[in-house]
Amino acid sequence: MEAGNEKAVLVVEDERKIARIIELELRHEGYQVTVEYSGDRGLELALENDFDLVLLDLMLPGMNGLDICKHLRKIKSTPIIILTARDRVGDKVAGLDAGADDYVTKPFETEELLARVRAALRRNGNHIRLKYADLELIPDERRVLRKEMPLELTTREFDLLHYLMKNADKVLTRDAILRQVWGYHFEGETNVVDVYIRYLRMKVDEPFGESLIHTIRGVGYVLRQS
Ligand code: CA
């Protein structure tokens, strides 16, 4: 399991068996999970707390999923993935129109659900401007500055640095980096990470004297000050 996930997910689903399966799968991946079976209470929770993601069934007792979506969207930008029945195609469209970010049809494959959760979280975290020490990254402009000097990075180098900065001070394994930056499991090919870390060091660290990218022997890498 990947360390340091800790994203908070709210699951609003009245079918307890499905809610339970989702809860277990998400917990297994390291997410903090809150489950709510009623629509009204689900909306309240989503408004009161800062969840990183809401998984929302559409057919709920009390307020239905579409109305929850519309209400929540007026106030918060929390990513929402709706859960729809496979035979209700119109629900997907209505859900997206109501402000949902994505949908998963039931019955779903666990791997698909998890991939959509990861993608929604990634999109959400991706436009925040990051600063660490004298390093600054502006996702929307795809710009990186160190000591206010712009750095020329390739797309992959940028994505790698972005991931390191989002997780500054956390030790990241090569596997976690591969999965998050390359987006798939590249069995036995983790040396591609080492290669790109080397490129990044030549641009981000070496010209500036002070290193921010550190190797943790036998584990992976961390971005931190000294
Ligand atoms: Ca339902």
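When a ligand or atom number is given, it counts from 1 through the structure's own listing order.
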Exercise for review: Look only at the side chain of Glu15 and the backbone of Lys17, and say whether a donor-acceptor pair between them is shorter than 3.5 Å.
Suggested key: no
Review point. Under 3.5 Å, side chain of Asn64 to main-chain N/O of Leu66, donor-acceptor pair present?
Key: yes
Check your understanding: How many protein N, O or S atoms sit closer than 3.0 Å to the Ca ion (ligand 1)?
Key -> 3
Practice item. Could you work out the complete set of other residues in the hydrophobic cluster of Ile138, with links drawn between I, L, V, M, F, W and Y side chains under 4.5 Å apart? Key: Leu145
Practice item. Identify, with sequence neighbours excluded, every residue that meets side-chain contact (heavy atoms from CB on, under 4.5 Å) alongside Glu48. Key: Arg41, Glu44, Leu45
Check your understanding: By side-chain hydrogen bond (donor to acceptor under 3.5 Å, both in side chains), which residues pair with Glu141, not counting sequence neighbours?
Key -> Arg143
Review point. Counting N and O atoms only, with roles assigned by atom type, does the side chain of Arg73 sit under 3.5 Å from a partner on the main chain of Lys76, one being a donor and the other an acceptor?
Key: yes
